[in-house]
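Note sheet for the following structure.
One-based numbering, in listed order, for ligands and for the atoms of each.
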Amino acid sequence: MQEQLKSMEAEALARLAEVQDLTALEEWRTGYLGRKGRLAQILRGLGQLPPEARPAAGQAANEVKRRLEAAFEARRGALEEAATAAAFRAEQVDVTLPGRPPALGRLHLSTQTLRETSAIFAHMGFEAYETPEVETDELNFQALNIPPHHPARDMWSTFYTDREGVVLRTHTSPGQVRLMRERYPAEIRAILPGKVYRYEQVSARYEFQLHQVEGLAVGRNIHMSDLKGVLVAFAQQMFQGMRRWRFRGSYFPFTEPSFEMDIECVLCGGGGCRVCKYSGWVEILGAGMVHPVVLQNGGYDPAAYSGFAFGMGTERITMLKYGIDDIRYFFSNNPRFLEQFG
Ligand code: PHE
């Protein structure tokens with residue numbers, strides 16, 4: 001029997017060395033160590049041995065069993081380790097790869113300029129006040145000294161609506177009258193930022209929608225010099241490095257006198273380019289002293305009060321600041337344009 005055990009053990013160990021996975025290993029275990037396995041078969045012969053030979057044979061069988069079990073455990077350990085290592089290799093990630101940054105939104109370029117404008121005026125004591133985009137003809141025109149038949153209406157291409165007397169505001173100026181009516185008799189220092197609409201053939205220079213920032217100061221001792229000082233202080237902060245500016249007489253029905261402010265073209269430094277139409281100057285805003293009729297429409301006595309007002313186009317300011325040559329970029333929502341700013 002010892003001979004049988006010996007050859008069985010040698011065979012079992014040889015097979016075990018060939019086992020490559022846990023399923024084969026389990027088959028090996030039942031084949032040699034299971035209840036109907038090779039060892040059990042050999043042990044069934046124990047009863048046929050003479051009684052004196054049985055203890056030695058039994059002991060030998062136990063030793064073979066212990067060695068095979070130990071070999072089995074060792075093989076299982078090795079196979080499990082290999083399986084784990086293979087799984088790790090398969091699921092491996094390169095933790096040194098740079099992450100995918102989440103796409104961060106940003107403020108629209110117009111909003112950035114609006115906020116910058118508000119911040120500059122806030123430092124000079126101007127509050128920001130918003131008024132409706134859908135406006136009455138009365139406030140958009142009549143209260144601003146532009147009667148229905150007046151040729152000055154041609155200065156604004158207007159979206160009239162089906163509702164009699166209701167328009168999309170063509171400028172932020174109607175906010176002047178709203179604010180005056182709300183605040184009388186208090187003094188006013190305010191900017192009125194917001195969107196305005198014009199019935200326009202859209203081109204590189206004209207949009208049917210744009211933003212404006214209106215400015216209004218009303219008080220007892222307000223002069224043209226105050227207006228000029230405020231506008232120059234604004235332009236110097238908005239256009240860093242601006243060297244020259246000029247005020248050019250103009251006409252608006254709601255200011256008297258009226259003027260427009262030009263700055264030296266920031267793109268060519270005044271030498272002349274496409275943006276300034278080779279003049280070296282670009283217009284940035286309209287302004288003037290609030291017309292007595294408008295003060296009156298706002299509830300203020302023009303004999304006791306005076307005021308100044310100005311209005312600027314936010315997209316136009318932004319185009320000059322960043323050298324953008326087409327206003328349509330602002331509302332076409334192309335991320336490749338918008339992502340360049342902020
Ligand atoms: N509302 C004028 C425009 O839209 C600008 C302006 C505002 C001019 C205030 C003078 C005073 O063109």
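Residues passing the side-chain hydrogen bond (donor to acceptor under 3.5 Å, both in side chains) test with R66, sequence neighbours excluded: none. Under the rule for a salt bridge (Lys or Arg N to Asp or Glu O under 4.0 Å), the partners of E264 that lie at least two apart in sequence or sit in another chain are R243, R244. Applying the salt bridge (Lys or Arg N to Asp or Glu O under 4.0 Å) criterion to R44, with sequence neighbours excluded, gives no partner residue.
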Go through it in stages, so that I can follow the logic: the residues are R181 and E138, the test is salt bridge (charged side-chain N to carboxylate O under 4.0 Å, His left out), and I'd like the CA-CA distance, side-chain angles, deciding distance and then a yes or no. CA-CA 14 Å; R181 288 180 180 173; E138 197 261 323; 3.7 Å; yes
Stepwise side chain to side chain contact (heavy atoms under 4.5 Å, CB included) check, Q142 with D137: CA-CA 7 Å; Q142 296 167 54; D137 185 287; 2.7 Å; yes
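Salt bridge annotation for E127-R183: present, with a cationic side-chain nitrogen under 4.0 angstrom from a carboxylate oxygen.
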Pairs under 3.5 Å, N/O atoms on ligand 1 and on the protein: can you put them in a table with the distances?
residue  : atom  : partner : partner atom : Å
ligand 1 : 1 (N) : H171    : ND1          : 3.0
ligand 1 : 1 (N) : S173    : OG           : 2.8
ligand 1 : 4 (O) : W156    : NE1          : 3.3
ligand 1 : 4 (O) : R198    : NH2          : 3.0
ligand 1 : 4 (O) : Q212    : NE2          : 3.1

